[in-house]
Amino acid sequence: MLLCFAEGRSGDRAWLIAHDLEPPTPAADPLLERRARHEPLAYILGTREFFGRSFRVGPGVLIPRHETEILVELALDLIDLHGVGRVLDLGTGSGCIAITLAAERPVSVTGVDISRAALEIARLNDTLGTVHWIEHDGIPARSFDLVVSNPPYISVHEKLSREVSEYEPAEALFAGDDALGFYKRIAEAATGCKRVAVEIGRGQHDAVAAIFAQQGWRLEQSRRDLSKVIRALAFYLP
C-alpha cells in the first residue's frame, strides 16, 4: 500500500505486481521509515475506509475502526424502526459515524466534539455539508431522538500496541481506571433524549447496562462483532 501510494497509484496493486521488477521510487523511503517507527498506516496514507467511504484522518483524530461499523448498523436499524429524525453523534472525531448516518438515511445529524482539531477533519470529510458541527463538551441543549457515541472505553492501565499508544489521541482512547466514566456521563446527560446507542469494549456489556439502568434506561438491543464480542448497545427511556 505504501509503494502504491508513493507511486501515485493508491490501491492499484495490479499495477505494482505488473511492475515488480522495477526499482521502487525513492519517494517510498520516508513512508517506510515512518511505518518502521510504528506510525499507523492510516496516518501515513491520510485516509481510512469506513462503511464503504474514504475518510481523512491525521494526528489528533482517532482512526475509524471496523468494529464501529457495528454501532452504525445498530443506529440505522433504530432510525428505521422508530422513525428517528434528529441524531447526535457525541465525540464525533473524524465524523465517520455522523457523515455515514446522514448519507444512509434522511435524518438531521449533529456532530459534537471537544477537540477543535478533530472537528476540522470532520468538516473536511463532510464534503456535502450534511452534518451540523459543534465544538462542545457534552450534549448540547437541544432535543434529539437518538444519541450515538463511540466514547473512550479503555482503562489507563491497559497496554496497547505502539501504533495506538504512541500516536492516537489519548483523550479519545482512555476513560480512567475503570474505563466506564464516559458511559456514566452519557447515561446522566442524555435523559432528555429518547434513545442512546453506544460502542463498548470487550467484556463491558454487563457493567455498561447497569450504569444506564441506574438512570432509568432500559436495554433495547445489543450487537456482536465478527468475533462474537458484544460491541454495541442500544437503550431507551420508558
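For clarity, every value in this text was computed on a predicted model and none was experimentally measured.
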Show which side-chain atoms of residues 209-220 pair as donor or acceptor with protein atoms under 3.5 Å away, not counting sequence neighbours.
unit_1 : atom_1 : unit_2 : atom_2 : d
Trp217 : NE1    : Ala187 : O      : 3.0
Glu220 : OE1    : Arg195 : NE     : 2.9
Glu220 : OE2    : His82  : NE2    : 2.6

Should Trp133 and Val109 be marked as a side chain to side chain contact (heavy atoms under 4.5 Å, CB included) after you check the CA-CA gap, both sets of side-chain angles, and the distance that decides it?
CA-CA 9 Å; Trp133 306 104; Val109 182; over 6 Å; no
How many angstroms lie between [atom1] in [X] and [atom2] in [Y], if you round to the nearest 0.5 Å?
{"X": "Glu158", "Y": "Ser165", "atom1": "CD", "atom2": "OG", "result": "11.0 Å"}
{"X": "Ser149", "Y": "Leu88", "atom1": "OG", "atom2": "CG", "result": "8.5 Å"}
{"X": "Glu69", "Y": "Phe50", "atom1": "CD", "atom2": "CZ", "result": "5.0 Å"}
{"X": "Lys228", "Y": "Ile230", "atom1": "NZ", "atom2": "CD1", "result": "12.0 Å"}
{"X": "Cys4", "Y": "Asp12", "atom1": "SG", "atom2": "CG", "result": "6.0 Å"}
{"X": "Thr110", "Y": "His132", "atom1": "OG1", "atom2": "NE2", "result": "5.5 Å"}

Could you tell me if the side chain of His38 sits less than 4.5 Å from the side chain of Val164, heavy atoms only?
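No. Closest side-chain heavy atoms not under 4.5 Å.
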Any side-chain heavy atom of Leu146 within less than 4.5 Å of one from Lys194?
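Not touching, per the 4.5 Å side-chain cut-off.
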Neighbour count above 12 (heavy atom, 6.0 Å) for Arg105 CZ
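Yes, enclosed.
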Does atom CZ of Arg123 have more than 12 heavy-atom neighbours from other groups under 6.0 Å away?
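Yes - once you tally the heavy atoms of other residues, nucleotides and ligands closer than 6.0 Å, there are more than 12.
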Could you check whether any side-chain N or O of [X] sits under 3.5 Å from a backbone N or O of [Y], counting only pairs where one atom can act as donor and the other as acceptor?
{"X": "Asp113", "Y": "Leu119", "value": "no"}
{"X": "Asp225", "Y": "Glu67", "value": "no"}
{"X": "Arg13", "Y": "Ile17", "value": "no"}
{"X": "Arg86", "Y": "Val107", "value": "no"}

Which atoms form the tightest heavy-atom contact between Phe51 and Glu73, and what is the distance?
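Scanning both residues completely, I find the closest heavy atoms to be CE1-CG, 3.9 Å.
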Could you go through Leu90 and Ile139, starting from their C-alpha distance and side-chain angles, then the distance that decides it, and tell me whether this counts as side chain to side chain contact (heavy atoms under 4.5 Å, CB included)?
CA-CA 7 Å; Leu90 183 60; Ile139 298 177; 4.0 Å; yes
Ignoring hydrogens and angles, state whether a donor on the side chain of Gln204 or Arg202 is under 3.5 Å from an acceptor on the partner side chain.
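Side chains of Gln204 and Arg202: no pair found under 3.5 Å.
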Any side-chain donor paired with an acceptor under 3.5 Å for Glu7 and Thr25?
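Side-chain D/A pair, Glu7 to Thr25: absent.
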Do you reckon Ile121 sits in the same ILVMFWY cluster as Leu62, going by side-chain contacts under 4.5 Å, direct or chained?
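Each belongs to a different hydrophobic cluster.
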In residues 92-104, what donor-acceptor pairs under 3.5 Å come from side-chain atoms, sequence neighbours left out?
unit_1 : atom_1 : unit_2 : atom_2 : d
Thr92  : OG1    : Asp89  : OD2    : 2.7
Ser94  : OG     : Cys96  : N      : 3.4
Thr100 : OG1    : Cys96  : O      : 2.5
Glu104 : OE2    : Arg53  : NH1    : 3.1
Glu104 : OE2    : Arg53  : NH2    : 2.9

